[in-house]
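For ligands, and for the atoms within them, numbers begin at 1 and follow the listed sequence.
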Amino acid sequence: MSSTALGNHILVEFMNCDPHVMNDVAAIERDMVGAARKAEATVINSTFHHFSPYGVSGVVVIQESHLAIHTWPEYGYAAVDVFTCGDMNAWIAFDHLKECFGAKSYSAIEMKRGSVNLLTRNDFDITTAREKAAEWRNPDFYTRNVWFTDKDEDQALSLRFTGDVFFDVQSPFQRVRILESTKYGKMLALDDMVMTTIKDEFHYHEMISHPSLFTLQNAKNVLVIGGGDGGTVREVLRHSNIEKVTMVEIDGEVIKACKEHLPEIAAAFDDPRLELIVDDGIAYVKNAPDAIYDLLIVDGSDPVGPAEGLFSVEFYQNCYRTLKADGILVAQGESPKFNEKAFSELNQTLQGIFGKENAPVGLFFVPTYPTGMWSFQYGLKGAADPRKVTNTEVIKSFVAEKGLRYYNEDIHFSTFALPNFVKQLIQQ
Ligand code: SPD
């Protein structure tokens, strides 16, 4: 370290890096903290954010200053800066990161910061500050602040997670991950979108199943498309009148991940009434016989990637055909605040197939989905209508007996009460 400057700053361009590493917030945090440690810095804190679909930003605060990064995975590029003071050698951190990121090319500039020729020193008494620092400094402990972000171009939901990744597989359909969020426990993420978390999964799974099952009262044969985490079939199978549930999930990796890491959600896969099929649900419905299901549940992800076909007219025409005369369709309906277009287009599709009055929308709250406001959309083939149920005493005792945590006899009706802007979106 030159005696004429307070700090040393290297600004690095890492190019032609591995794009998967550039988009992996947990790996980048590990590598940046590892680089600091290798250079013998004292790590105080790290904060890292992932931006969906691409990009990571983060900072490692070290006693000797900081390391910062911004990545553009789509360009295999990372902009890194390492600011040091004292005896720390920033180039050791540089070498470590170059290797971790698989950078095939790079450039760097080095600057001295805080030229003492331009500064005037003011000595002041720092004894108290030193004592305080010694009180809280523990060289073996640093805090982590790693964020998972589910977003579109304009809005985002971020969850802090521990940085630990329990499952990370690129399946033929999507990237399947189990991460641990600090507030909502373990969670399933598909292609950077939050699908479900341990602490709020019941909002979704109770609401996708019970309103229609209490409308039908005596449903026997149910088809679930998607739902690989198992939460929907767990709720459906709570009903003793159900004789058979067929679940068709396209991605076996989702089932595997959830069985291994989210057993509370994947709790009913061993129920003998369940037939589990790993295959394309769209093709399955296309080839299914007419009028055989009491209830058809579409528990798909958002309309990108493998779930895109779950929003098509042809798919819902086939769903309609396979339902019995009084059958009900329930579909994951997106958010009227986050995905207005997908939300209203799905409702137009259902109105077109089931009839204008027979495509009600139920709203419910999911804290871990962007905007929190989410929907299930219904297709009522016959007279069975969830807005007109009368068996509230039956619902009440079921809720108490099963210990449900979201759905109850009041929510059954209130879910169908829509704000005016939602009514306008679906032209009701
Ligand atoms: N943005 C999330 C859309 C909901 C996806 N389905 C969740 C699956 C839970 N079983």
Side-chain angles (χ1 to χ4, degrees), residues 52-53 148-152 154-159 173-179 181 184-210 222-238 245 247-251 253-259 261-269 274 276 281 296-311 330-343 346 361-377 406-407:
S52 173
F148 180 95
T149 302
D150 185 340
K151 79 183 214 354
D152 68 6
D154 305 314
Q155 295 188 71
L157 173 123
S158 286
L159 291 177
F173 306 101
Q174 55 210 342
R175 186 175 184 192
V176 182
R177 278 185 295 170
I178 305 283
L179 314 167
S181 67
Y184 291 95
K186 286 198 181 140
M187 66 184 200
L188 168 69
L190 299 181
D191 281 346
D192 303 321
M193 292 171 284
V194 177
M195 288 297 123
T196 198
T197 78
I198 287 293
K199 294 222 176 120
D200 72 350
E201 57 87 12
F202 61 93
H203 297 222
Y204 183 99
H205 295 125
E206 291 183 13
M207 291 306 288
I208 200 171
S209 44
H210 301 305
V222 178
L223 175 64
V224 177
I225 301 296
D229 51 67
T232 296
V233 293
R234 180 198 65 198
E235 292 305 312
V236 171
L237 289 163
R238 286 189 199 277
V245 178
M247 178 181 142
V248 189
E249 163 63 52
I250 197 166
D251 196 339
E253 291 296 339
V254 175
I255 299 171
K256 183 166 176 265
C258 297
K259 274 184 168 174
H261 300 285
L262 305 176
E264 304 90 331
I265 301 175
F269 281 127
L274 177 68
L276 180 55
L296 200 162
I297 298 179
V298 183
D299 181 7
S301 54
D302 304 289
V304 282
E308 208 170 338
L310 298 180
F311 289 79
V330 186
Q332 188 279 103
E334 295 296 314
S335 166
K337 272 295 190 201
F338 188 60
N339 307 328
E340 294 93 327
K341 189 164 178 287
F343 171 82
L346 176 60
V361 165
L363 293 181
F364 65 107
F365 178 68
V366 185
T368 57
Y369 289 171
T371 74
M373 180 185 251
W374 219 260
S375 77
F376 290 120
Q377 302 208 22
Y406 192 99
Y407 174 80

**Message:** My understanding is that only one of Val224, Asp299, Val222 makes a side chain to side chain contact (heavy atoms under 4.5 Å, CB included) with Met247; could you say which?
**Reply:**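 The option that passes is Val224.
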
**Request:** Answer yes if the ring centres of Tyr204 and Phe376 are under 6.0 angstrom apart, and no otherwise.
**Result:**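 So the answer is yes for these two rings.
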
**Prompt:** Can you find a heavy atom in the side chain of Trp374 that is under 4.5 Å from one in the side chain of Met207?
**Reply:**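 With C-beta onward as the side chain, the pair stays apart.
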
**Request:** Find out whether Pro367 and Lys199 are in side-chain contact, i.e. whether some heavy atom of one side chain is under 4.5 Å from a heavy atom of the other.
**Result:**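 With C-beta onward as the side chain, the pair stays apart.
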
**Asked** Can you tell me if Gly228 has a non-hydrogen atom under 4.0 Å from ligand 1?
**Response**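 Flag not set, Gly228 not near ligand 1.
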
Side chain or backbone, does [X] bring an N or O within less than 3.5 Å of an N or O on ligand 1?
X      : answer
Gly300 : yes
His205 : yes
Asp229 : yes
Thr196 : no

With a cut-off of 4.0 Å, which atoms of ligand 1 are near a heavy atom of [X]?
X      : result
Asp302 : 1 (N), 2 (C), 3 (C)
Trp374 : 1 (N), 2 (C), 3 (C)
Asp299 : 6 (N), 7 (C), 8 (C), 9 (C), 10 (N)
Ser301 : 5 (C)

**Item:** Nearest neighbour in protein (non-hydrogen) for atom 4 (C) of ligand 1
**Value:**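 Looking at atom 4 (C) of ligand 1, the protein heavy atom closest to it is Tyr369 OH, 3.4 Å.
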
**Asked** Rounded to the nearest 0.5 Å, how far does CG of Leu188 lie from CD1 of Ile178?
**Response**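 It comes to 5.0 Å.
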
**Prompt:** CE of Met193 to OG1 of Thr368: how many Å apart, nearest 0.5 Å?
**Reply:**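 The OG1 atom of Thr368 is 13.5 Å from CE of Met193, to the nearest 0.5 Å.
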
**Request:** Compute whether any side-chain donor of one residue and acceptor of the other, for Glu206 and His210, lie under 3.5 angstrom apart.
**Result:**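 No - no donor-acceptor pair under 3.5 Å links their side chains.
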
**Prompt:** Going through the distances and angles, do Ile198 and Ile265 end up as a side chain to side chain contact (heavy atoms under 4.5 Å, CB included)?
**Reply:** CA-CA 7 Å; Ile198 287 293; Ile265 301 175; 4.1 Å; yes

**Asked** Just heavy atoms, cut-off under 4.0 Å: does Asp150 contact ligand 1 by side chain, backbone, both, or neither?
**Response**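 Asp150 to ligand 1: no contact under 4.0 Å from either part.
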
**Request:** Quick one: look at Met193 and ligand 1, take heavy-atom pairs under 4.0 Å, and tell me if it's side chain, backbone, both or neither.
**Result:**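 Neither part.
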
